[in-house]
There are 2 protein chains.
Amino acid sequence: MNERKQHVLNAAKRLFLENGFANTSIQNILDEAGISKGTFYNYFNSKNECLISIIEESVEIAAVRRDEIAADGQDGPELLVEQILVRLQMNREQKLIRLYEAILHSGDHELRDYMKSVHLSELAWLEQRLSEVYGEQIRPYAADAALMQFGMLGQYLQFAPDITSSEELSKRIRFVIRRTEALLRDMTENDEHLLEAGKFDIRADSPPLPSPVRVAEEILRLADTLPPESRDSGLEFAGFLSAELEEEKPRSGLLKTVAVPFRKLFDGRPNEPEARTVMSALWRILKSSDL
Amino acid sequence: MNERKQHVLNAAKRLFLENGFANTSIQNILDEAGISKGTFYNYFNSKNECLISIIEESVEIAAVRRDEIAADGQDGPELLVEQILVRLQMNREQKLIRLYEAILHSGDHELRDYMKSVHLSELAWLEQRLSEVYGEQIRPYAADAALMQFGMLGQYLQFAPDITSSEELSKRIRFVIRRTEALLRDMTENDEHLLEAGKFDIRADSPPLPSPVRVAEEILRLADTLPPESRDSGLEFAGFLSAELEEEKPRSGLLKTVAVPFRKLFDGRPNEPEARTVMSALWRILKSSDL
DNA sequence: AACTATTTTATACCGGTAGTCCAACCTTTT
DNA sequence: AAAAGGTTGGACTACCGGTATAAAATAGTT
């Protein structure tokens, strides 16, 4: 990921959020980013692909944040609220969600398929989390509950798009989660469900798990790029993380605890996106070995 | 409403449903309808306006059908299922709903506002119906229940867009309605709600109620256009309807019963849309006097 | 420092889009 | 028959996403 490319992405994102996807021409992006058309098409094969990159980035940010806040603290409905809040805050002022939808209904098949997979993976995540939070006995109803919760929340957001405070957001999320609990009780009592468990899983096209050794290398390389003031602690963290990663049975609790502050060292630095990508790989490894 | 204009609308609708809104150019519509560009822009100020007309028509069709099936039979959850089914079948094979969404996210403010009002009026209708079906005591929670039901159902439809049989549709609707009942019980028990009653009402910009006298005239005029084979019964119906309409206190039960077969005389006839519009006005009068 | 390879720039160009404009045409009213 | 007004076809504009390309700038290698 070129730094210049990141600059273009940021410019495009700014414009998309401000004026909408359809109302932003490539020329606008070129002007905003101060680049020429040729460069743009060096980075992206199309305007759509540029949009996909933006969404991919925000999905990654949300995933890492969710894993990080799960790393400290007990699991339960309150954590679920926080994790859902992450996605909503990601769509700053509900505008990113418009991009999602713009893509969904843009007649472009490739884009639609991509967004569908994003949607599905969000539902799969939610189904899994509901099972974790409310116990294995509700698993047969988790898929339906996830789908309905997603729909309810979507309505509460679309209906009041003027939410700035995360207080207001939390309030709605909590309300919807309590309703979801009622739905789970109701479905359990009557043993009614429409979807089978695991309905949303689409592991087929998910990328292969990165190798721990490879990730360990990347972490060390990243630490090398830190500025003097954070370099020392960064190297400490990185040394521990990479050593632990190459162990036979990594102590995942420790890894999770250390991973969070290490990643945060890169906040605001030019390679923040790269650091996030590497740590995202780390979290995937950790979660797969937890099972 | 010109007959030629209706012809253009039908052509556009066909193309939109088949290829999507974005993938249908005005030239396509011109070719399909066999008209010229000048004519098209005589009827509509833009492609968007053409789409709005199509949606307006389908909204009207759905409203009349809902009122008509309510006219015979007892009220209750089963009727509600049928009425909801009307809207879903209207969006034939889930494709019209894409038009809705295409409009919602098209960056065009005017279109968005229009669709928002359609959305709101659907929610207002649902809130009202829930109160009717489940009793006045749930009215404080009806707005929330309507919003959540709408969201849940939307997910179940979007998620399985390959539904052709209305059996399958009914099954999902019934499932969602049972969940809505659980939500209503839950909210009632805990006395929790986020929205106040009547939240979705937007009477401000709804057109003024048509005068009964005027509608009576239109009904007589319509009957005159019927072909010989249905002319006699049409005139009988029309005579009764218009006479009753001009009474001090119209017998609304009778009116409803007679209105249905009268409107159906125009099915398949060129002025079917016009007849529907007139009868739509009649239903609005009847419902307002029922209160 | 010189040479090479790659990236970036600027611009012309393509086919397609929504929408404008207008002179010619047709139909209805007078 | 004449006037009026809606209808027609098509030329036209401005813009879009995307392609092509030659010149300029930059980076990497020796």
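Naming convention: chains lettered A, B, ... in sequence-line order (proteins, then strands); numbering from 1 in each chain. Note: hydrogens, waters and symmetry copies are ignored here, and every other heavy atom, side chains too, is used.
The distance between atom CD1 of Ile26(B) and atom C1' of dG10(D), rounded to the nearest whole Å, is 15 Å. Atom NZ of Lys47(A) and atom C1' of dT19(D) are 17 Å apart (whole Å). The distance between atom CZ of Phe40(B) and atom P of dT7(D), rounded to the nearest whole Å, is 15 Å. Residue Leu30(A) contributes atom CG, which lies 12 Å from atom P of dG18(D) at whole-angstrom precision.
Under the side chain to side chain contact (heavy atoms under 4.5 Å, CB included) criterion, Pro227(B) pairs with Glu229(B), Ser230(B), Arg269(B), not counting sequence neighbours. With sequence neighbours excluded, the residues that form a side chain to side chain donor-acceptor pair (under 3.5 Å) with Asn28(A) are Ser25(A).
Using a 4.0 Å cutoff to heavy atoms of chain B, the contacted part of DNA chain C runs 5' to 3' from dT17(C) to dT20(C).
Projected onto DNA chain D by closest heavy-atom contact, Ser46(A) and Gly34(B) fall at different nucleotides, the more 5' of which corresponds to Gly34(B).
No donor-acceptor pair under 3.5 Å is formed between the side chain of Gln158(A) and the backbone N or O of Gly154(A).
A donor and an acceptor atom, one from each side chain of Thr277(A) and Ser280(A), are nowhere located under 3.5 Å apart.
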Name the pairs: protein N/O against N/O of nucleotides 20-27 of chain D, kept only if under 3.5 Å.
none

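Residue pairs that meet the salt bridge (Lys or Arg N to Asp or Glu O under 4.0 Å) test with at least one member in residues 29-41 of chain B, sequence neighbours left out, are Arg14(B)-Glu32(B).
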For this session: Show your reasoning for whether ring-ring contact (aromatic ring centres under 6.0 Å, His included) applies to His119(B) and Phe200(B).
Result: CA-CA 9 Å; His119(B) 184 191; Phe200(B) 308 122; 8.1 Å; no
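The pair Arg221(A)-Glu274(A) counts as a salt bridge, with a side-chain nitrogen and a carboxylate oxygen less than 4.0 angstrom apart.
At a threshold of 4.0 angstrom between heavy atoms, the contacts of Ser25(A) are confined to the sugar-phosphate backbone, with no base atom among them. At the heavy-atom level, Ser36(B) lies under 4.0 Å from base atoms of the strands shown. Within 4.0 Å of Phe44(B), counting heavy atoms only, lies no atom of the nucleic acid at all.
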When the side chains of residues 207-217 of chain B are checked against the rest of the protein, which donor-acceptor pairs come out under 3.5 Å, sequence neighbours left out?
{"from": "Ser211(B)", "atom 1": "OG", "to": "Arg214(B)", "atom 2": "N", "distance (Å)": "3.1"}
{"from": "Arg214(B)", "atom 1": "NH2", "to": "Glu218(B)", "atom 2": "OE2", "distance (Å)": "3.3"}

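Taking the six-membered ring where the residue is Trp, Phe44(A) and Phe40(A) present tilted rings, their angle falling between 30° and 60°.
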